[in-house]
Amino acid sequence: MLSVLGVLGGAGGLAVIATVVVQRGKFKADAADTLTDAALTLVQPLRTRVTELEEEALVARSQLANSREQVQQLRATVWDLRGRLDRWRAAILAPDATLRKIRALVAESDRRPERP
């Protein structure tokens with residue numbers, strides 16, 4: 001009788017061990033699923049934010065390019081105006097300056113096309 005109980009107990013013990021082994025695999029899979037879901041929950045807002053930041057960076061780069069172009073145009077305009085003022089100053093301070101010569105220089109400057 002003891003041997004029958006031992007065999008039944010051993011068989012029950014094996015069943016318990018087999019159940020634990022099977023359940024352990026299931027626990028691992030459940031844990032992996034839980035971790036994956038948690039990671040995706042955390043990563044998705046980051047992906048969204050990265051996408052927003054990339055779009056903002058593109059807009060900023062475009063604005064920077066436009067600003068650089070405007071600065072270049074302003075520099076060219078300032079360069080032209082500085083040259084014009086230097087010519088006018090030289091004409092005004094010239095020893096042989098006359099009102100007629102200065103007016104002619106100013107009129108000529110007004111007719112010149114501006115640089116693009």
Side-chain angles (χ1 to χ4, degrees):
M1 180 139 184
L2 223 43
S3 59
V4 170
L5 284 176
V7 169
L8 288 176
L14 286 176
V16 169
I17 291 172
T19 301
V20 168
V21 168
V22 169
Q23 289 295 326
R24 186 172 170 214
K26 186 176 185 263
F27 290 144
K28 284 184 178 179
D30 288 345
D33 286 343
T34 302
L35 288 174
T36 301
D37 290 345
L40 289 175
T41 300
L42 294 173
V43 167
Q44 188 56 41
L46 292 175
R47 284 183 179 164
T48 303
R49 185 63 182 139
V50 166
T51 302
E52 290 171 357
L53 291 173
E54 287 173 344
E55 290 171 0
E56 289 176 16
L58 286 174
V59 169
R61 285 185 187 119
S62 175
Q63 290 173 344
L64 178 62
N66 288 340
S67 295
R68 284 182 177 163
E69 184 178 330
Q70 288 176 351
V71 166
Q72 187 176 6
Q73 290 173 355
L74 287 172
R75 283 183 178 160
T77 300
V78 167
W79 181 264
D80 287 343
L81 290 174
R82 174 77 190 262
R84 183 181 293 190
L85 288 175
D86 287 343
R87 286 190 304 275
W88 289 1
R89 182 176 184 272
I92 291 168
L93 296 178
D96 61 340
T98 64
L99 189 55
R100 177 173 280 170
K101 286 182 181 179
I102 294 170
R103 284 183 179 164
L105 178 65
V106 170
E108 179 185 326
S109 296
D110 288 342
R111 285 191 298 262
R112 282 188 190 168
E114 293 184 26
R115 289 191 334 188

- Under 4.0 Å between a Lys/Arg side-chain N and an Asp/Glu carboxylate O for Arg84 and Asp80? no

- Linked, directly or transitively: Leu105 and Leu85 (ILVMFWY side chains, under 4.5 Å):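 They do share one cluster, since a chain of ILVMFWY contacts under 4.5 Å joins Leu105 to Leu85.
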
- Look up atom CZ in Arg68 and atom CZ in Arg61, then write down how far apart they are to the nearest 0.5 Å. 11.0 Å

- Could you tell me the separation between the CD1 atom of Ile92 and the CZ atom of Arg87, rounded to the nearest 0.5 Å?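 Here the rounded value is 12.5 Å.
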
Please list, one pair per line, the donor and acceptor atoms closer than 3.5 Å that link side chains of residues 35-58 to other protein atoms, with sequence neighbours excluded.
residue : atom : partner : partner atom : Å
Thr36   : OG1  : Ala32   : O            : 2.7
Thr41   : OG1  : Asp37   : O            : 2.7
Thr48   : OG1  : Gln44   : O            : 3.0
Arg49   : NH1  : Glu52   : OE1          : 3.1
Thr51   : OG1  : Arg47   : O            : 2.9

- Smallest heavy-atom separation, Ala97 atom then Ala91 atom, equals CB-O, 3.1 Å

